[in-house]
Amino acid sequence: MTVPKTYGLGPIEVTAITGKSVEMVAPVTGSGFSISGCSGGGGVSSQGGGGVRMRCDRGTVATVNNTMSLEVVEIRDKTAVLSVKPAG
């Protein structure tokens, strides 16, 4: 899923969906990375550069880079409904 460049991330790729969480990776396009509300960190190699891995539980609203709000709205079998919007 492609997100606006102002969020500091390249396209977000879902790598795993479980009954209660979604795991994702994304390249970092900004000068750093921060996340609150979900687990995550740097060091993932994604699309040939530095990236991050995130794991978010259903119903949790995370703030990424103080600019993006990410919520796992619903998980159905092997699909997930995500909400991405500006933080705040």
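Just so you know, these numbers use all the heavy atoms, side chains as well, and skip hydrogens, waters and symmetry mates.
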Salt bridge (charged side-chain N to carboxylate O under 4.0 Å, His left out) contacts in which one or both residues fall within residues 76-88, not counting sequence neighbours: Glu74-Arg76

Reported OG1-to-CG distance for the pair Thr2 and Leu9, which is rounded to 0.5 angstrom: 11.5 Å

Summary of disulfide bond (SG atoms under 2.5 Å apart) pairs that have at least one residue in residues 58-88, sequence neighbours excluded: none

Atom pair SG/CZ of Cys38 and Arg53 - distance to nearest 0.5 Å: 14.0 Å

Joint cluster assignment, Val3 & Val73, ILVMFWY side-chain distance < 4.5 Å: no

Show me the donor-acceptor pairs, under 3.5 Å and distance only, between side chains in residues 15-28 and residues at least two apart or in other chains.
residue	atom	partner	partner atom	Å
Thr15	OG1	Glu23	O	3.3
Thr18	OG1	Lys20	N	3.4
Thr18	OG1	Ser21	N	3.1
Thr18	OG1	Ser21	O	3.3
Thr18	OG1	Ser21	OG	3.0

Expected list for residues 55-70: side-chain donor-acceptor pairs under 3.5 angstrom, two or more places apart:
residue	atom	partner	partner atom	Å
Thr60	OG1	Asp57	O	3.4
Asn65	OD1	Ser34	N	2.9
Asn65	ND2	Tyr7	O	2.8

Single-linkage hydrophobic cluster, 4.5 Å side-chain cutoff, Ile12 and Val81 together: no

